[in-house]
Amino acid sequence: MKIVIKDTFSKDYITREAGEKLRNMIIQSNEVLTIDFSNTKIASTSFFDEAFAKLSDEKIQKKWKDFICIININELDKKLLIQITKNRNVDLF
Amino acid sequence: MKDHVITLPKFIDDGRIDNILELLNLVRTKDSSFILDFTEVKEISAAGLVILNCISDSIIEHKRKVGVKNLSLSSSLNNHIKNLFNYQSNQMLSMTQMAYEDKNNIVWGAINSLDPSFPDRIDNKFQNILSEDQLWYVRLIINELMQNSLDHSTAERYFFYAGIKNNDFIFGVCDMGVSIPAKLEQKYICEDDKAYLLKSLELGVGTRRIRCGGLGLNHMFEILKQQKGRLVIVSRYAQIRKYFARRKTEANFLKKPLRGTWCMARIPISQG
């Protein structure tokens, strides 16, 4: 399954609410999920924290990097995402 | 009834805002008409334009009458300011009416929501002025400030801006909602408003109960430190000016309070 952020979150990929929506999509997916960040710049700690770092709060823990494939992400967004998820032991790359 | 004449400062910007705060407090407390005297005004930055938006909103909210005197700026600015203070009714102006854009500045606002399109507009407008990395840094800070304003101030309306001033890129978010000290009083006890503002900058400080806040602020500070930037925060009876290049923080009391929060940042323009 593939989620293209620009299409799915066209109006908002900044807020905690949007991040929560993405996290729920991740949790509900039963297959490997490709998340495509092409043509977007996120630059939002709230969105990344809510979407990815909070995966650490889930009851069923998965090896997230085997389950989520992040592609076409801006280099600075990637750096920020790694910083935010590192502290919560969510390994995405 | 006698009009209150307020002489506005030579530069309307993120500093020397005593007159502006005095005006905002008079608007709240005096049932009077106001004349904004622009005789001395030589320059209005993007931050200054957003401050004028806050004044305009406040005047309409309190149903005061206002006039402007001796406007002698560029014709586009003169027209914009006349429109800001020329009300035909007591209805708040729309964000389109309060928006402004010229060669070096862009001013916009939002009502009860974030505006993810504003950082894109900054990218488009200033892509030849700022580096790719700097555009991303500005985006992160603007996103963070917009989110804070919406979450914490509960202001229905808030304004944001970006622009060029000398060799700096200036940007920020201003609201007239619940101030930072008023918000933090719900959870912390500090000696005064200076202490509340300083408290708000500590990692992990926030009013959320379950997950502590400050994550975004931390990243914002890292960027401003790396970029040798500056951040001014004005809220209720205090203001903080953080000069990241000099590692210096000044905290001062204000003569008159700001019933809201203004966060105004700047970074030196490094490359196009």
Side-chain angles (χ1 to χ4, degrees), chain A residues 3-24 27 35-59 61 70 72-90 92, chain B residues 108 110 112-124 126-127 130-152 158 160 162 171 173 203-204 206-208 210-227 265 267:
Chain A
I3 297 171
V4 180
I5 295 293
K6 188 88 178 172
D7 299 340
T8 312
F9 296 87
S10 57
K11 292 217 170 105
D12 172 17
Y13 36 83
I14 296 176
T15 61
R16 287 199 169 271
E17 292 71 23
E20 187 181 2
K21 186 178 159 191
L22 177 58
R23 189 176 75 250
N24 287 333
I27 294 162
I35 303 177
D36 185 349
F37 283 90
S38 53
N39 302 315
T40 55
K41 285 192 228 170
I42 306 294
S44 165
T45 56
S46 301
F47 180 82
F48 281 150
D49 185 55
E50 200 69 36
F52 297 105
K54 274 196 176 178
L55 288 170
S56 66
D57 295 341
E58 289 305 309
K59 280 182 193 162
Q61 283 299 307
I70 292 175
N72 299 322
I73 189 167
N74 170 286
E75 273 309 306
L76 288 170
D77 277 338
K78 185 176 178 181
K79 205 171 145 192
L80 178 67
L81 179 55
I82 290 171
Q83 279 178 354
I84 288 172
T85 49
K86 189 176 69 182
N87 295 338
R88 310 274 296 176
N89 293 322
V90 175
L92 293 171
Chain B
W108 195 245
N112 280 332
S113 64
L114 284 183
D115 184 354
S117 71
F118 187 64
D120 289 338
R121 293 180 68 188
I122 294 177
D123 272 19
N124 291 337
F126 299 107
Q127 59 187 331
L130 297 179
S131 67
E132 267 294 307
D133 284 4
Q134 282 192 313
L135 287 169
W136 188 90
Y137 297 146
V138 168
R139 178 181 289 263
L140 184 138
I141 293 171
I142 285 279
N143 282 344
E144 185 61 27
L145 294 177
M146 284 198 293
Q147 182 89 52
N148 280 349
S149 183
L150 194 66
D151 287 353
H152 303 303
Y158 62 100
F160 25 88
F171 53 103
V173 174
L203 185 62
T207 48
R208 278 203 297 268
I210 299 170
R211 270 165 80 83
C212 63
L215 180 70
L217 206 62
N218 193 39
H219 286 281
M220 192 168 107
F221 282 4
E222 283 302 315
I223 288 169
L224 287 170
K225 209 185 291 175
Q226 185 202 337
Q227 293 292 304
I267 56 173

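Just so it is clear, the model here is predicted, and its values are computed rather than measured. Order of the sequence lines fixes the chain letters, A, B, ..., with proteins taken first and strands second; residue numbering starts at 1 for each chain.
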Heavy-atom side-chain proximity of A:T45 to B:Q147 below 4.5 angstrom: no
Part of A:S46 lying under 4.5 Å from any heavy atom of chain B: side chain
CG on B:D123 to NZ on A:K41, rounded to 0.5 Å: 3.5 Å
Between CG on residue A:L80 and CH2 on residue B:W136, distance to nearest 0.5 Å: 4.5 Å
Residue part contacting chain B, namely of A:I42, when any heavy atom lies under 4.5 Å: backbone
Proximity breakdown for A:Q83 and chain B, heavy-atom pairs closer than 4.5 Å: side chain
Residue part contacting chain A, namely of B:D133, when any heavy atom lies under 4.5 Å: both
B:N143 side chain to A:A43 backbone, donor-acceptor under 3.5 Å: yes
Residues A:R16, B:D151: salt bridge by 4.0 Å N-O rule: no
Test log, rule side chain to side chain contact (heavy atoms under 4.5 Å, CB included), inputs A:L76 and B:E132: CA-CA 10 Å; A:L76 288 170; B:E132 267 294 307; over 6 Å; no
Side chain, backbone, both or neither of A:N87 within contact of chain B (heavy atoms, under 4.5 Å): neither
